[in-house]
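The next block holds one structure in the form of structure tokens; read it before the comments.
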Amino acid sequence: MSNLKIMNKIIFFLAALVLPNLSIAQAKTPKDNMIKYLDSVYRTTPKGLLDSITTDLDSTAISNQCFKFIFNKNKTKFIAFYIVEKKSAAYKSLKLEYGGSFRSFKNIPKGKGKCKALGYTVCGMMYNDKWCFDHEEYVRVTANTLLKAQEEFMFNLLNERKFFKNEKLKEDKAFWNSNGFLIEKTESGEKVPAMVLHANSTKTKREALKVNFKFEKKAQIVIDSIWHFLQLKDTNMYNARLEDKEEEEIYFTIYNEQRTKALLPIIFKDNKNQAWLSYYYFNVNDTTHTIYQWNAYPTRKIEIKQDQRMDIIKDIRKFSINWLWNTQNFLNDDEFWRDNFGFNRLETLK
């Protein structure tokens, strides 16, 4: 065999080893392919519809945080993807206090990087000739950049909900009849999309929370006035209100369902860093605007720990055994409010 033929065989053999490796290195990952597909097919975000979502959902979804909007074929259903970096000013514009749930993706390693973000989705559909919107849960996402966080969030969520058929770039029509778009039967026998039922229930919850927040703001003003009075009385004893890194001064308010009576626990520290707990009470319908100290539990020492609410919960449970603090801080127990705030247990704040 000639030297030329031998050389050609060697070159062919080396090429067979190297070229497959080159093609592997240049190949796109499933995530890259999915992002490229979605960017080519779903290029626009409908601003008018996004603004309607923001208004209807009480700023739990901010229109300019939406980065991808996916319609079904006849544009009667959609899923919209939003994300916001937690350190940004835009994060503060989200009404997170309306009780949205938070989670991370299951069975997926936690991301790494300096960008910590919150991703969330809104689903919508035409129902009875009008749009119905449903805000879904918040998902914690970590990546190197906000763009990478967007890609991770969208890729993981669409895979989780089986948006593509058999993990190929072919959309599965079943997606638009599953998840939140699934049809459910109500107690009356009516068939209604699960998304509509959930959207209606969360809207009712938000409306109730708005009233609660309004009352709690009034209670905060009362607590601040009580604290100002106590500090003037004895600065050494009433040295500092309890704070945490996120909320600064902590406000604990418990009130009846009618929002006319409020019990105000105040946790504070003296000048030796000892923590104390006191309870104060006021009645909105009391025209004298008198503030009372509740002496069922006189001021007492407590330990500083991660969740100070447990001291309060244990106290109140001695009167109302099934009570547990939740996002709505009212205590729906008429006997508790009727029997435990007589003048024998109240001392006027002087």
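Quick caveat, the model's predicted, so the values are computed rather than measured.
Within 6.0 Å of NZ on Lys210 lie more than 12 heavy atoms contributed by other residues, nucleotides or ligands.
Hydrophobic cluster membership is shared by Leu158 and Val141, with clusters built from Ile, Leu, Val, Met, Phe, Trp and Tyr side chains linked at under 4.5 angstrom. Met310 and Ile316 fall within the same hydrophobic cluster, defined by Ile, Leu, Val, Met, Phe, Trp and Tyr side-chain heavy atoms under 4.5 Å apart, directly or through other members.
Considering only residues two or more places apart in sequence or on other chains, Glu136 meets the salt bridge (Lys or Arg N to Asp or Glu O under 4.0 Å) condition with Arg161. For Asp39, the salt bridge (Lys or Arg N to Asp or Glu O under 4.0 Å) test picks out Lys68, with sequence neighbours left out. For Glu137, the salt bridge (Lys or Arg N to Asp or Glu O under 4.0 Å) partners at least two apart in sequence or on another chain are Arg103. Taking Asp51 as the reference, Lys47 meet the salt bridge (Lys or Arg N to Asp or Glu O under 4.0 Å) condition, with sequence neighbours excluded.
Between Phe268 and Trp227, the angle of the ring planes lies from 30° to 60°, which puts this pair in the tilted group. Between Phe341 and Phe336, the ring planes lie perpendicular to each other; the angle is over 60°, past the 30° to 60° tilted range.
A salt bridge is defined here as a Lys NZ or Arg NE, NH1 or NH2 lying under 4.0 Å from an Asp or Glu carboxylate O, and Asp315 with Arg300 meets this definition. Salt-bridge annotation for Lys203 and Asp134: absent, with no side-chain N of the basic residue lying under 4.0 Å from a carboxylate O of the acidic one.
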Kindly determine whether Tyr42 and Phe69 satisfy ring pair (Phe, Tyr, Trp, His ring centres under 6.0 Å), including the steps that lead there.
-> CA-CA 7 Å; Tyr42 303 100; Phe69 199 99; 9.3 Å; no
Show your reasoning for whether salt bridge (charged side-chain N to carboxylate O under 4.0 Å, His left out) applies to Lys95 and Asp58.
-> CA-CA 7 Å; Lys95 294 288 184 66; Asp58 297 301; over 6 Å; no
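Ring pair Trp131/Phe78: centre-to-centre distance below 6.0 Å. Ring centroids of Phe164 and Tyr37 are separated by less than 6.0 Å, placing the two rings close together. Checked against the 6.0 Å centroid threshold, Phe155 and Phe153 do not count as a close aromatic pair. The aromatic ring centroids of Tyr281 and Trp294 lie 6.0 Å or more from each other.
Listed by first then second residue, pairs satisfying salt bridge (charged side-chain N to carboxylate O under 4.0 Å, His left out) with a partner in residues 332-349 number zero, not counting sequence neighbours. Residues in residues 145-154 take part in these salt bridge (charged side-chain N to carboxylate O under 4.0 Å, His left out) pairs, two or more places apart or across chains: Lys31-Glu152, Lys148-Glu151.
Put simply, the side chain of Phe105 reaches to within 4.5 Å of the side chain of Leu157, judged on heavy atoms.
Considering CZ of Phe252 and CD of Gln220, their distance stands at 12.0 Å, rounded to 0.5 Å.
Inspection of the Thr76 and Asn72 side chains reveals an N or O donor paired with an N or O acceptor under 3.5 Å.
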